[in-house]
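Everything on this sheet refers to the single structure shown next.
Keep in mind that this is a model prediction, so the values were computed, not measured.
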Amino acid sequence: VLDGARDSITQIGPELYYCKDENGLTGFIFQYTTFKAYNGKISFWIAVDKGNAIRGIRVIEHQETPGIGDKIDTSVSNWIRHFDDKNLDDYVWSLRRHGGDFDQFSGATITSKAMVDAVHAGLEVSSLKRNEWLRLLDND
C-alpha cells in the first residue's frame, strides 16, 4: 500500500499500523470496509500520512463483477491510485458526474461511488481517531 516507501510498519492494534522512517512517524495504515458496493462488501487498506493525506489504497476483498467493477483492484486497473495524495479539505468527495473531483469507471457507477464514499469515510475516521492512535504510540 506504500508502493516502495522505505518506512517500517508496526502493528499497534487490530487492523491498525503506524509507519515510520529514520525521522519518525510518517503515518498510519488501517483497514476499512464498505457494504455499499454493487455486489456487497469491499475491504481495503488505506495509508495516510501525518497530515491525513492518502499515501495509498489497496483493495483486499471484493465481489465486484469481473471486467467491470473489479477495476478497483490494482491487478486489473490503476483507477484506485487516483486517490493518492488526496485529503479531506481540498476535494469534493463525489463522482465528477455529480459535481465531484473523482472519475468513475465505465459501467460501474455503483462501485465507483461506493469507493469514493468509503475512502472519504475512511479519511474522516482517520481524522477523528488520530489523537487516539498517537496515544497508542505513546504507550508502545
Side-chain angles (χ1 to χ4, degrees):
V1 75
L2 295 179
D3 269 349
R6 299 190 186 276
D7 302 52
S8 65
I9 301 170
T10 305
Q11 187 169 9
I12 56 173
E15 302 170 346
L16 175 63
Y17 298 79
Y18 75 91
C19 311
K20 69 178 182 175
D21 63 14
E22 63 278 354
N23 297 315
L25 179 72
T26 58
F28 295 95
I29 301 173
F30 59 99
Q31 189 174 335
Y32 198 81
T33 299
T34 182
F35 293 92
K36 296 181 179 179
Y38 185 74
N39 285 323
K41 176 178 162 182
I42 299 174
S43 293
F44 57 97
W45 289 106
I46 181 168
V48 294
D49 66 18
K50 292 188 299 186
N52 207 39
I54 296 170
R55 295 180 69 187
I57 295 173
R58 296 297 176 271
V59 172
I60 55 174
E61 181 182 359
H62 73 86
Q63 288 93 31
E64 298 306 276
T65 307
I68 301 173
D70 64 348
K71 291 182 177 87
I72 58 176
D73 189 328
T74 57
S75 67
V76 177
S77 164
N78 283 325
W79 181 84
I80 202 82
R81 296 178 193 273
H82 290 110
F83 293 105
D84 292 357
D85 301 318
K86 304 295 189 286
N87 60 52
L88 284 173
D89 300 326
D90 298 329
Y91 299 89
V92 177
W93 284 88
S94 63
L95 296 176
R96 200 170 303 282
R97 70 187 294 179
H98 300 292
D101 289 321
F102 298 91
D103 292 324
Q104 71 182 53
F105 43 90
S106 181
T109 303
I110 294 170
T111 303
S112 303
K113 181 180 181 337
M115 281 306 299
V116 169
D117 291 348
V119 171
H120 180 247
L123 278 177
E124 288 179 327
V125 166
S126 176
S127 180
L128 292 171
K129 295 212 172 239
R130 178 152 315 269
N131 288 335
E132 177 184 327
W133 294 350
L134 290 169
R135 281 192 299 277
L136 288 172
L137 292 178
D138 291 340
N139 294 328
D140 190 22

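Within the model, atoms OH of Tyr18 and OG of Ser8 stand 6.5 Å from one another, a figure rounded to the nearest 0.5 Å. Between the CG atom in Asn87 and the OG atom in Ser126 there is a gap of 11.5 Å [rounded to 0.5 Å]. Note that CD of Glu132 is 8.5 Å distant from CG of Leu16, once rounded to the nearest 0.5 Å. Lys129 NZ to Arg135 CZ: the interatomic distance, rounded to the nearest 0.5 Å, is 10.0 Å. Atom CD1 of Ile72 sits about 10.5 Å away from atom OG1 of Thr74, to the nearest 0.5 Å.
Applying the ring-ring contact (aromatic ring centres under 6.0 Å, His included) definition to pairs two or more places apart or across chains, those involving residues 114-137 are Phe28-Trp133, Phe30-Trp133, Trp93-His120. Applying the salt bridge (Lys or Arg N to Asp or Glu O under 4.0 Å) test to every pair with at least one member in residues 23-34, sequence neighbours left out, gives no pairs at all. Applying the salt bridge (Lys or Arg N to Asp or Glu O under 4.0 Å) test to every pair with at least one member in residues 62-86, sequence neighbours left out, gives these pairs: Asp3-Arg81. For residues 97-106, the salt bridge (Lys or Arg N to Asp or Glu O under 4.0 Å) pairs, not counting sequence neighbours, are Arg96-Asp103. The list of salt bridge (Lys or Arg N to Asp or Glu O under 4.0 Å) pairs with a residue in residues 24-37, not counting sequence neighbours, is empty.
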- Task: Show the numbers, then the answer: is there a ring-ring contact (aromatic ring centres under 6.0 Å, His included) between Tyr17 and Trp45?
- Result: CA-CA 10 Å; Tyr17 298 79; Trp45 289 106; 5.7 Å; yes

- Message: Determine whether Ile80 and Met115 satisfy the following criterion, side chain to side chain contact (heavy atoms under 4.5 Å, CB included), listing intermediate values before the conclusion.
- Response: CA-CA 9 Å; Ile80 202 82; Met115 281 306 299; 3.5 Å; yes

- For the pair Gln63 and Ile42, evaluate side chain to side chain contact (heavy atoms under 4.5 Å, CB included) and give the outcome as yes or no after the intermediate values. CA-CA 7 Å; Gln63 288 93 31; Ile42 299 174; over 6 Å; no

- Task: I would like to know whether Ile57 and Tyr32 meet side chain to side chain contact (heavy atoms under 4.5 Å, CB included); could you show each step before the answer?
- Result: CA-CA 10 Å; Ile57 295 173; Tyr32 198 81; over 6 Å; no

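Here the closest non-hydrogen pair linking Gly69 and Thr111 is O-CG2, 3.6 Å. When every heavy atom of Thr34 is checked against every heavy atom of Ala114, the shortest pair comes out as CG2-O, 4.3 Å. A pairwise comparison of heavy atoms in Ile9 and Cys19 identifies CG1-SG, 4.3 Å as the closest pair.
For Glu22, there are no salt bridge (charged side-chain N to carboxylate O under 4.0 Å, His left out) partners two or more places apart in sequence or in a different chain. Legend: residues meeting side-chain hydrogen bond (donor to acceptor under 3.5 Å, both in side chains) with Ser43, ordered by chain and number and at least two apart, are Thr33. Scored by the side-chain hydrogen bond (donor to acceptor under 3.5 Å, both in side chains) test, Thr26 finds Asp7, Arg55 as partners (sequence neighbours excluded). Applying the side-chain hydrogen bond (donor to acceptor under 3.5 Å, both in side chains) test to Asp89 and every residue at least two apart in sequence or in another chain returns nothing. Phe83 meets the ring pair (Phe, Tyr, Trp, His ring centres under 6.0 Å) test with Trp79, Phe102; sequence neighbours excluded. Every residue meeting the salt bridge (charged side-chain N to carboxylate O under 4.0 Å, His left out) condition with Lys41, not counting sequence neighbours, appears here in chain and number order: Glu61. Residues forming a salt bridge (charged side-chain N to carboxylate O under 4.0 Å, His left out) with Lys20 (at least two apart in sequence, or on another chain): none.
In this structure the side chain of Ile46 never reaches within 4.5 angstrom of the side chain of Ile29, judged on heavy atoms. Side-chain contact between His98 and Val92 is absent, with no heavy-atom pair separated by less than 4.5 Å.
Val1 is not connected to Val125 by any chain of hydrophobic side-chain contacts under 4.5 Å among Ile, Leu, Val, Met, Phe, Trp and Tyr, and they are in different clusters. No continuous path of hydrophobic side-chain contacts links Leu2 to Ile54 [ILVMFWY only; heavy atoms under 4.5 Å]. A continuous path of ILVMFWY side-chain contacts below 4.5 Å connects Val48 to Leu136, so both sit in one hydrophobic cluster. Follow the hydrophobic side-chain contacts under 4.5 Å out from Val76 and you never reach Val119; the two are in separate clusters.
A donor-acceptor contact shorter than 3.5 Å links the side chain of Ser112 to the backbone of Ala108. A donor-acceptor pair under 3.5 Å is formed between the side chain of Asn52 and the backbone N or O of Leu123.
Annotation for Tyr38: atom OH does not count as buried by contact number, only 12 or fewer foreign heavy atoms lying within 6.0 Å.
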